[in-house]
Structures are given as structure tokens and as C-alpha cells.
Amino acid sequence: MLPEAFKEAANHLLSSAAITVSLVIAFFFLCLWQYRKVTKPVVALPLSLGLIVLFCLSISDPNFFIIISKSDNVPIVLMLVLVGGCTWWGLRQAALNDERLEKGLPPMEADNREDDKVYVWPDLVYAEFIALIICSIVLIVWSILLAAPLEQPANPARTPNPSKAPWYFLGLQEMLVYFDPWIAGVVLPTLIIIGLGAIPYIDKNPKGNGYYTFKERPFAVTIYMFGFLVLWVFLVYMGTFMRGPNWNFFGPYEYWDIHKLEPLTSVNLSEYFYMRLLGRAMPANFLVREAPGLLVLAVYFGLLPLVLAKTCFRKFYPSMGFLRYMVMINLFLGVVGMVAKMYLRWIFNLKYIVAFPEFFFNI
Amino acid sequence: MPPENPVNPVPPAGPPSPAGASPPAPAGTGSKLPVPPATAAARPAAAGAEDLSRRKFLGLISWSGLGWAAFSAASGVGSIATGRFMFPNVLYELPATVKVGPPDDYPSDDVYEKYKDSNGVWIVRDAGQITALITVCTHLGCTPNWLPNEGKIKCPCHGSGFRRNGINFEGPAPRPLERAKIVLLEDGNMMVDKARKFQYEKGEWNDPDSFIPVTA
Ligand code: FES
């Protein structure tokens with residue numbers, strides 16, 4: 001039903017991670033930048049309808065259908081719809097509220113404050129109980145309708161190809177492609193948890209508590225949504241629908257061919273520096289060998305925060321204080337650096353910035 | 001009501017009316033809830049002492065002591081059971097040593113998968129050497145696949161790729177696959193011993209135990 005030329009183009013564009021992620025990030029920032037216009041039903045409705053129509057037309061493509069209809073993947077499709085809907089709802093509320101705040105009105109949530117208060121018992125507990133029953137029914141029906149894929153007993157000599165983590169860990173698995181196991185599997189998850197736990201200490205601004213707003217908290221909302229939507233949800237999408245056999249990238253209408261050949265020769269920064277740039281052999285001393293990478297990291301995490309304090313974050317720095325600013329900026333740079341490292345791999349095939357295979361330590 | 005003191009009953013504390021009968025009164029009129037000052041003044045020190053009599057206190061201690069003892073016992077048994085779990089009766093590990101036949105079984109430069117399932121090694125003939133590569137990805141330990149058409153070893157987990165000789169060249173794997181010890185026995189067969197490993201990045205691939213030279 002879809003024209004072949006369209007499928008070709010879509011496969012070509014969307015099997016490139018760099019292009020797909022760039023499109024997603026561009027769309028993300030466009031939506032936030034124009035959030036008042038984009039969330040208006042006249043814009044949001046045709047947009048989502050268009051996507052749904054495109055999705056329905058795509059089902060006629062056999063390759064698309066195979067991937068979409070795997071019982072593991074059906075919930076991911078539902079999740080994408082749900083996340084999109086909820087994000088729209090939140091941004092829409094924020095847009096409406098921001099208009100009210102500009103007119104000097106209180107946010108919508110502040111109206112009828114008195115009637116807002118209800119009892120935990122029975123009001124809340126009943127609602128929770130009903131939600132619990134509905135969820136149980138949905139799960140039971142679902143598990144009957146979509147059989148969970150049971151495979152043959154595990155065999156250590158045969159790893160399934162592609163071998164995928166549970167869906168909620170696909171983002172972490174994707175990070176593992178770009179980082180040392182130890183960084184991606186231990187350091188990054190710990191940082192995510194500590195970083196989320198640190199939010200109340202980093203961010204003392206009471207604005208936005210209990211009501212939707214974007215205008216009053218543009219930085220905080222953008223960072224959080226970027227982390228959640230792009231670095232978690234989108235990476236789940238990527239792991240589910242783009243990663244095929246041999247962990248190669250595939251387009252939406254592409255057949256998952258085991259023999260798809262993608263030359264991905266990856267190179268360490270030290271090799272780029274000494275062999276390609278200076279045209280000489282790698283130094284034997286590993287500290288000298290990794291000096292360029294260590295320098296890059298030192299500048300990125302050591303110098304850049306200070307430069308940013310004087311420039312982009314000039315306004316934040318005095319109100320936050322040194323320690324709080326440093327914690328915030330390093331978490332921020334960590335998030336940006338993660339994305340940067342992925343791009344470096346996609347575009348320059350850069351493997352590791354600092355590589356000490358001698359000590360199982362690579363960044 | 002404690003039986004020790006029937007003559008001086010304390011008015012029951014707690015909500016004056018059954019739950020849900022009426023919404024709580026707005027703040028300011030709800031100050032009736034605490035014990036009226038007159039009653040409290042009439043029984044100055046007795047109230048506290050009576051709430052927690054010696055008998056009650058000891059009872060409380062012994063019950064909570066019992067509870068803690070039970071909890072510690074259960075945790076103790078649990079940790080012993082967990083500890084026992086660390087020493088299984090049977091270990092499903094592939095045998096470390098295997099005879100892989102004479103070098104003539106591997107006539108041309110290729111990756112031979114015969115001992116992959118049973119022993120977790122590829123026998124590789126490449127550039128005048130026969131080596132035993134361990135089938136464990138150096139990234140996170142998945143078992144990679146030998147793709148003969150592409151002439152490379154490719155990991156299905158995060159896409160690391162290795163050349164036939166085990167050198168990593170694509171994806172995240174930070175170092176080459178490891179070699180196992182391989183020696184030529186007197187009877188002309190080769191013997192692989194996975195207990196001894198040779199890592200390229202440590203320069204161990206020059207070790208004569210890590211390969212068997214053959215005429216290319
Ligand atoms: S385990 Fe082989 S690429 Fe990660």
C-alpha cells in the first residue's frame with residue numbers, strides 16, 4: 001500500500017542511528033520551543049492521526065508487520081502511544097497554565113482548593129482498588145491472548161541472535177554498545193539513581209510544585225524530559241525496532257537479514273591521534289598512549305564546568321552555590337556526554353576515548 | 001481498660017464519633033480532642049505510669065525480644081542456605097581439556113566450530129598457526145557467532161566483531177578474544193586446555209603454548 005520509493009527512503013534514513021536520533025532530538029526541541037502551538041488540538045490531533053494512519057498503512061508491509069506483531073513488541077507499541085499521549089497532556093496543561101499565569105490568574109490546579117481535598121479512605125483507596133482490579137484483568141486477558149514466547153532451554157554455547165534484554169533495560173543495553181560494561185552496567189545506572197535522588201537537593205525552586213508549567217521551569221523540565229523521553233523511551237524504541245541480527249541497525253521496512261553486512265571498524269581515540277594524525281606508532285607507555293583521551297576528559301569535566309559557570313549558566317551559578325552547581329553541571333555534562341559519545345561512534349566509529357584494556361577500564 | 005484501676009476511669013481517647021460519620025471539623029474548633037485540662041490536672045503523674053506499667057513494659061520487651069529472636073533465627077538460616085547455594089553439588093561447566101585431533105584435521109585457514117558446543121572453543125587455523133579461541137565475547141561474555149560468509153566472528157549482544165584470528169575490530173569489545181593453551185601431544189593429537197588463557201593485549205600470544213605452528 002505504501003509506495004516502494006517511500007519505504008526505500010524510510011529504510012535508508014531510519015536505519016541510520018545518527019539521522020534517526022537527530023530527527024528525534026530536533027522534534028523534541030521543536031515541540032518544547034513551540035509548546036503552546038504544538039499542543040493545541042488543531043496541531044496535535046492531525047499530527048497524531050497522521051502517525052496512526054501511517055502506522056496502519058505500514059502494517060501492510062510484511063517486514064514491518066513481523067517486527068511489530070512479535071508478542072514482545074506489542075506492548076512497546078502501546079507504550080509509545082501512551083507516552084506520547086501523556087506527554088501531550090502534560091504539555092497542554094502547562095501551556096494553558098502559562099497563559100493564565102501571564103494574565104495574573106492562579107494556575108488551574110489552584111482553583112477550588114477547598115473542594116480538592118478528599119479522604120484517603122474511601123476516596124483514594126477505592127480508586128486504587130479499582131485500578132488494581134482493572135490492571136489485573138488487563139494483564140490476565142493479555143497473557144491469554146498474546147502468548148509469551150517460550151523458547152528452547154538455554155544453551156551457553158548458543159546466544160540468540162539478536163540477544164535482547166527485557167524491554168525496560170534496552171536503553172541500558174544500548175548504552176553498553178558505546179561504553180565499557182563496567183561504565184554502562186555499573187557506573188551509569190548508579191549515577192542515574194543518585195542523580196534522580198539528588199534532584200530535591202539540587203533544585204530548591206518551589207515553582208511548579210503541584211501544577212503544570214513550562215515557562216517557569218524551562219531548564220528543569222527540558223532536562224528531565226530529555227532524559228526520560230530521548231535517553232530512555234527512545235532508546236527502548238531503538239533497541240526494540242532498530243536493532244536486528246548481529247546487533248546491526250535496520251530500517252522499519254527492512255528484512256532482518258542475518259547476513260546484512262555493515263562495516264563498523266571502530267577505532268580508539270589514541271589510534272586516531274597517533275596513527276592517523278601523527279602518522280607514527282602507538283607509544284608503549286599506556287599513560288602516554290592515552291594522554292589525548294585523558295586530556296579530553298579533563299577539559300570536559302574539569303574545565304568546562306568553570307567556563308559554563310561564567311557563560312551559559314551565569315545566572316544559575318550564584319543562586320546555586322559552588323557545590324550544588326558542580327553536582328548539577330557534572331550530571332548535566334554526563335547526560336550530554338553520553339549522547340556525544342553515541343554520535344562519535346556513529347559518525348567517526350570512535351570506540352573509546354580512553355582505553356586501558358590492561359585494566360579492563362575504558363571510557 | 002486496665003483492671004488495676006477501675007475507680008478512676010480515663011475517658012476513651014480517639015475520635016469522638018465513628019469514622020466517616022461526619023467530616024472533620026475545620027481547624028480551630030477541633031481542640032476538644034485532647035484530654036480536658038481538668039481531668040489531666042486531677043491525675044498528674046499517675047496517667048503516664050499507668051499507661052506503661054511494669055508488667056506491660058516487661059510484656060512488651062519479651063514479645064519484641066521473641067520477635068527479634070525469631071527474625072534473627074530466620075535470617076541466620078536464610079543466610080546459611082544462601083551460603084550453601086554458593087557451593088553447588090553439580091557444576092555445569094564445559095570440560096576444560098579436550099583432545100582436538102591432529103593438525104591435519106584442520107587443512108585450510110578457517111574457523112572450525114566442532115568443539116564450540118561441547119567445549120566452548122573454536123579451533124582456528126590462520127597465518128601458519130593453529131590456535132584455540134575461547135568462545136566468550138570480551139565485552140560482556142555472550143557467545144559470539146562465526147559468520148563464514150562475512151569471514152568474521154560477530155557477537156549478537158552488542159555487535160562486537162572479531163576477525164578470524166580473534167582480533168577485535170568493531171563494536172564495543174575492548175580487547176581480542178582469549179586463546180586457550182594448545183599443545184601437540186606425542187601421539188600426534190592436539191590438546192586444548194582452557195585452564196590456561198593467553199591475552200593478546202598482555203603480549204601473551206607469543207607464548208609457544210598459545211599456538212601450534214603449521215606450514216601455511
Ligand atoms: S557481549 Fe559481545 S558485544 Fe557485548
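Predicted, not measured: the structure shown is a model, and the values here were computed from it. Below, chains carry the letters A, B, ... as their sequence lines are ordered, and counting in each starts from 1.
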| request: Rounded to the nearest 0.5 Å, what's the gap from CG on Asp180(A) to CG on Leu140(B)? Could you check? | output: 9.0 Å
| request: Go through the atoms of Arg345(A) and report whether side chain, backbone, both or neither lie under 4.5 Å from a heavy atom of chain B. | output: side chain
| said: Testing the basics here: between Ser163(A) and Cys157(B), what is the closest heavy-atom pair and its distance to 0.1 Å? | reply: CB-SG, 3.6 Å
| Closest heavy-atom pair and its distance - Leu261(A), Lys152(B) | CD1-NZ, 3.7 Å
| Can you tell me how far OG1 of Thr265(A) sits from CZ of Arg163(B), rounded to the nearest 0.5 angstrom? | 6.0 Å
| Would you find more than 12 non-hydrogen atoms of other residues, nucleotides or ligands less than 6.0 Å from Tyr200(B) atom OH? | no
| message | Within this structure, what is the CG-CD distance for the pair Asn246(A) and Glu170(B), rounded to the nearest 0.5 Å? | response | 9.0 Å
| message | Can you tell me which portion of Leu176(A) sits under 4.5 Å from chain B's heavy atoms? Options are side chain, backbone, both or neither. | response | both
| field | Intermediate values then yes/no, side-chain contact (heavy atoms from CB on, under 4.5 Å), Ile258(A) and Asn145(B) | value | CA-CA 11 Å; Ile258(A) 294 223; Asn145(B) 300 307; over 6 Å; no
| request: Drop me the distance from Lys154(B)'s NZ to His259(A)'s NE2, to the nearest 0.5 angstrom. | output: 14.0 Å
| said: Could you check whether atom CZ of Phe169(A) has more than 12 heavy atoms from other residues, nucleotides or ligands sitting under 6.0 Å from it? | reply: no
| query | Which region of Pro122(A), side chain (C-beta onward) or backbone (N, CA, C, O), has a non-hydrogen atom less than 4.5 Å from a non-hydrogen atom of chain B, or is it both or neither? | reply | neither
| task | Flag the pair Pro174(B) / Tyr352(A) as yes when at least one side-chain heavy-atom distance between them is below 4.5 Å, and no otherwise. | result | yes
| task | Identify which part of Asn362(A) has an atom lying under 4.5 Å from any heavy atom of chain B, answering side chain, backbone, both or neither. | result | side chain
| field | Test item: Arg158(A) and Lys116(B) side chains (from C-beta on) under 4.5 Å apart, heavy atoms | value | yes
| request: For Phe179(A) and His139(B), work out which heavy atoms get closest and say how close. | output: O-NE2, 3.5 Å
| In terms of heavy-atom proximity below 4.5 Å to chain B, should Pro245(A) be classed as side chain, backbone, both, or neither? | neither
| task | Locate the shortest heavy-atom distance separating Gly171(B) from Lys351(A); write the atom from each residue and the value. | result | O-CD, 3.3 Å
